[in-house]
Amino acid sequence: PRPVEELTIWDDAKAMLRKARAEGIQTVHDRLDRQTPHCKFCELGTTCRNCTMGPCRVSEKNPLGVCGADADVIVARNFGRFVTGGAAGHSDHGRDLIEVLEAIVEGETKDYRITDENKLRAIAAEIGIETDGRPVMDVARDVMECFFADFGSRRKEVSFLARVPQVRKDKWAGLKMTPRGVDREIAEMMHRTHMGCDNDAPNTLIHAARTALADGWGGSMIGTELSDVIFGVPTPKMSTANLGVIKADKVNLLVHGHNPVVSEMILAAAREPELLARARELGATGINVAGLCCTGNELLMRQGIPMAGNHLMTELAIITGAVEAIVVDYQCIMPSLVQISGCYHTKFIDTANKARFTGAIHFDFQPRTAMKQAREIVSIAVEAFARRDPGRVDIPGEPVEIMTGFSNEAVTAALGGSLDPLVQAIASGDIRGAVGIVGCNNPKIKQDSMNVKLAEELIKKDILVLVTGCVTTAAGKAGLLVPDAIEKAGPGLKKVCGALGIPPVLHYGSCVDNARILQLCAALANALNVDISDLPVGASSPEWYSEKAAAIGLYAVASGIYTHLGHPPNILGSETVTNLAVSGLEDLVGATFFIEGDMVKAADMFDERIKTKRKALGLGE
Ligand code: NFS
Ligand code: SF4
């Protein structure tokens, strides 16, 4: 096995990887070693399993599949389906929030409610729903109907395109890239990639972009906005991160997955006096709910719960031996967590019928019964405390402080009620530009080495960084999410963030919350009366692994945002597809991907791009 020093930059991770090895527990890194080297055809994207005349593998020697499809067609189809998997994940999550809103509107649940009526009315107004003098439930019903309709086939465009600058919308219309309905684009991609349909690689990629846009401006944005309505708009607050947030003297319950619908209820149940009393009876001093991955980000943003870790910390959190239960909803949950839980007293509890894990305790979590079910789940965690083996507990290190809660509403409020001061700071060059660093860990990359390095390099150059998803914990553990981090920033960023008392790296939420960054870009573009592609902004996913990250990258590019990936998707087997991704898209949508594994160079690329965009706006470098 590779030395643990090569696997991660973090001491807490290294300690747990050593413990895993000592205890004979396999982790993602061990399994990666066994899977390496990977199939070359799959890596290049030149394998097709779309029908049983195949499967086919194409190469220079053998350039056509049985049906006659060449590498361009096969790579484009594979990438199209890959992106669509991600768009489906985010969007189905968004749909679940509409269903919770429906349960509220229909009076079927008392456990969820409309927490932020102002936000509901603001959204309604934006998408053309009458709000004046109407009861909140009437407005909510119309919003619900409108968003359900956004998933269907009768719309010319999804509702939140109301936020997009007209020039950008015209560009999309000209390219047949306007996202019409979320489910429609997803289904159409499956259709197009059936044998004998869309056999023109660029055309397939245009639809991949449309599907991604249906995610970003549709499913994800609905997910974010309705989560704010139901659970509250995030506001700035302090919290902590790393495995040290797991407490030896408490019942530790980890929430993992993506949807706050489950985790919010778990947190509420964990605060119930009877459950706390039972925990004390068993010798614990309390119940500690800590977050993993994106549902952790959701609760961190709104409720300030501590973050135990990101993607590659999920197995390691259980290996502390101090986790009573891990409660999951869906996405990014390694099935290995069930096996590792089985090595300890840890209860693994799944909550979604669409994401069941063999060997898990299953709850079919429903809005009608949410609180009752959450109490039962917390109770299982509390009872498990009695079976913890103190001899196997090892919690590495002390937590670090982080600041969180930067929704667009919170940022606007901090700026005194409008985005004008931000526009001013960009115009003056104190903030030269902004880059969103988002996404995952990938065991092929030393954990968080790139996520942290890129953020550090950018803030030095007076480029504001926004982080979401698994980059949050990375930036937090590196000390970049506290106001003191301005000491690591360039002079302009230091001045602006110092005056506001905010970090130079802002936590903007979970991965669906990248929709907040889209919204911010659209608002800035509208304020300056330009297209999004004219802004001095960028996006990056240095350590990405998932289909969802690919969808995010593609909707960012299609929205006009220059986007960095730390390693390429499996498209290199087609020159046509690769060239389109890294240069051809510039002419079509005003932005491209760029692939760069060296974060100093990646930061320089962003710097150059931002200089060019600033000059074009007449702002100087
Ligand atoms: Ni985004 Fe969130 Fe993490 Fe990556 Fe997974 S948890 S949706 S996909 S791994 S950031
Ligand atoms: Fe092979 Fe064509 Fe079938 Fe794909 S669709 S498996 S390339 S025959």
Side-chain angles (χ1 to χ4, degrees), residues 28 41 45-59 62-78 81 85-94 192-199 215-216 219-220 223-224 255-260 263 291-298 300-301 307-315 328-334 337 436-443 445 447-448 451 467-475 507-515 540-553 565-566 573:
V28 61
F41 289 95
T46 47
T47 164
C48 180
R49 291 177 291 119
N50 291 10
C51 87
T52 64
M53 295 193 285
C56 302
R57 296 179 299 182
V58 297
S59 59
N62 219 345
L64 298 178
V66 175
C67 66
D70 62 13
D72 291 342
V73 167
I74 290 173
V75 168
R77 284 197 304 217
N78 288 340
R81 284 196 173 188
H90 288 142
S91 299
D92 203 40
H93 165 164
R192 282 175 183 243
T193 50
H194 187 279
M195 145 58 194
C197 291
D198 201 359
N199 287 296
D215 170 354
S220 280
T224 289
V255 287
H256 180 14
H258 284 78
N259 198 324
S263 51
L292 292 167
C293 290
C294 276
T295 209
N297 276 298
E298 297 270 348
L300 172 64
M301 279 283 275
M307 266 312 258
N310 52 5
H311 181 49
L312 286 185
M313 300 307 293
T314 57
E315 296 183 319
V328 307
D329 50 84
Y330 40 58
Q331 300 168 17
C332 301
I333 300 147
M334 286 193 263
L337 298 185
I437 311 181
V438 313
C440 326
N441 290 142
N442 185 321
I445 295 155
Q447 187 204 4
D448 289 334
N451 288 337
V467 291
T468 62
C470 285
V471 180
T472 307
T473 317
H507 177 217
Y508 245 65
S510 65
C511 270
V512 295
D513 289 342
N514 288 321
S540 169
S541 194
E543 301 181 26
W544 73 283
Y545 90 87
S546 81
E547 292 172 322
K548 292 179 293 170
I552 293 165
L565 299 174

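Start at 1 and go down the list; that is how both ligands and their atoms are numbered. FYI, the numbering just counts along the sequence from 1. Just so you know, these numbers come straight off a predicted model, no measurement behind them.
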Trainee: Short list, please: which atoms of ligand 1 are under 4.0 Å from a heavy atom of C294?
Mentor: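 Near C294, the atoms of ligand 1 are 2 (Fe), 6 (S), 7 (S).
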Trainee: Considering the heavy atoms of Y545, write down every atom of ligand 1 situated less than 4.0 Å from one of them.
Mentor: 9 (S)
Trainee: So which heavy atom in the protein is nearest atom 3 (Fe) of ligand 1, and how far is it from that ligand atom?
Mentor: C470 SG, 2.3 Å
Trainee: Scan side-chain atoms only and decide if R57 and T47 contain a donor-acceptor pair under the 3.5 Å cut-off.
Mentor: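 No - no donor-acceptor pair under 3.5 Å links their side chains.
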Trainee: For atom 1 (Ni) of ligand 1, what is the closest protein heavy atom, and at what distance to 0.1 Å?
Mentor: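 The closest one turns out to be C511 SG, 2.3 Å.
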Trainee: Protein N/O/S atoms under 2.8 Å of atom 3 (Fe) of ligand 2?
Mentor: C51 SG
Trainee: Should you measure from each heavy atom of H258, which atoms of ligand 1 turn up under 4.0 Å away?
Mentor: 2 (Fe), 5 (Fe), 6 (S), 7 (S)
Trainee: Among residues at least two apart in sequence or on other chains, which ones pass ring-ring contact (aromatic ring centres under 6.0 Å, His included) with H311?
Mentor: Y545
Trainee: Under 4.0 Å from any heavy atom of H311, which atoms of ligand 1 are there?
Mentor: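 So the atoms of ligand 1 that pass are 9 (S).
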Trainee: Side-chain donor-acceptor pair under 3.5 Å between D215 and S91, yes or no?
Mentor: no
Trainee: Can you list the atoms of ligand 2 that are under 4.0 Å from a heavy atom of R77?
Mentor: 4 (Fe), 5 (S), 7 (S)
Trainee: Mind checking whether G439 has a heavy atom under 4.0 Å from ligand 1?
Mentor: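 Checking ligand 1 against G439, which is what was asked, there is a heavy-atom contact under 4.0 Å.
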Trainee: Applying a heavy-atom cut-off of 4.0 Å, say which part of S546 lies close to ligand 1: side chain, backbone, both or neither.
Mentor: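 Side chain only; the backbone of S546 stays clear of ligand 1.
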Trainee: Assess Q331 for proximity to ligand 1: is some non-hydrogen atom of it under 4.0 Å away?
Mentor: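 Q331: no contact with ligand 1 (<4.0 Å).
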Trainee: Quick one, H256 with D329, criterion side chain to side chain donor-acceptor pair (under 3.5 Å). Give me CA distance, side-chain angles, the key distance, then yes/no.
Mentor: CA-CA 7 Å; H256 180 14; D329 50 84; over 6 Å; no
Trainee: Please confirm whether W544 comes under 4.0 Å of ligand 1, counting heavy atoms of the residue only.
Mentor: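 Per 4.0 Å heavy-atom rule, W544 does not contact ligand 1.
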Trainee: Atoms of ligand 1 less than 4.0 Å from C293 heavy atoms?
Mentor: 6 (S)
Trainee: Would you mind checking which non-hydrogen protein atom is closest to atom 4 (Fe) of ligand 1, with the distance to 0.1 Å?
Mentor: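 Its nearest protein heavy-atom neighbour is C440 SG, 2.5 Å.
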Trainee: Does a donor on one side chain sit under 3.5 Å from an acceptor on the other, for D513 and T468?
Mentor: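 Absent: no donor and acceptor within the cut-off.
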Trainee: Looking at N441, T473, T472, which hits side-chain hydrogen bond (donor to acceptor under 3.5 Å, both in side chains) with N310?
Mentor: N441
Trainee: If you have a sec, work out which protein heavy atom is nearest atom 5 (Fe) of ligand 1 and how many Å separate them, to one decimal?
Mentor: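 Looking only at protein heavy atoms, the one closest to atom 5 (Fe) of ligand 1 is C332 SG, 2.2 Å.
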Trainee: Does the side chain of H258 pick up a donor-acceptor pair with the side chain of K548 at under 3.5 Å?
Mentor: yes
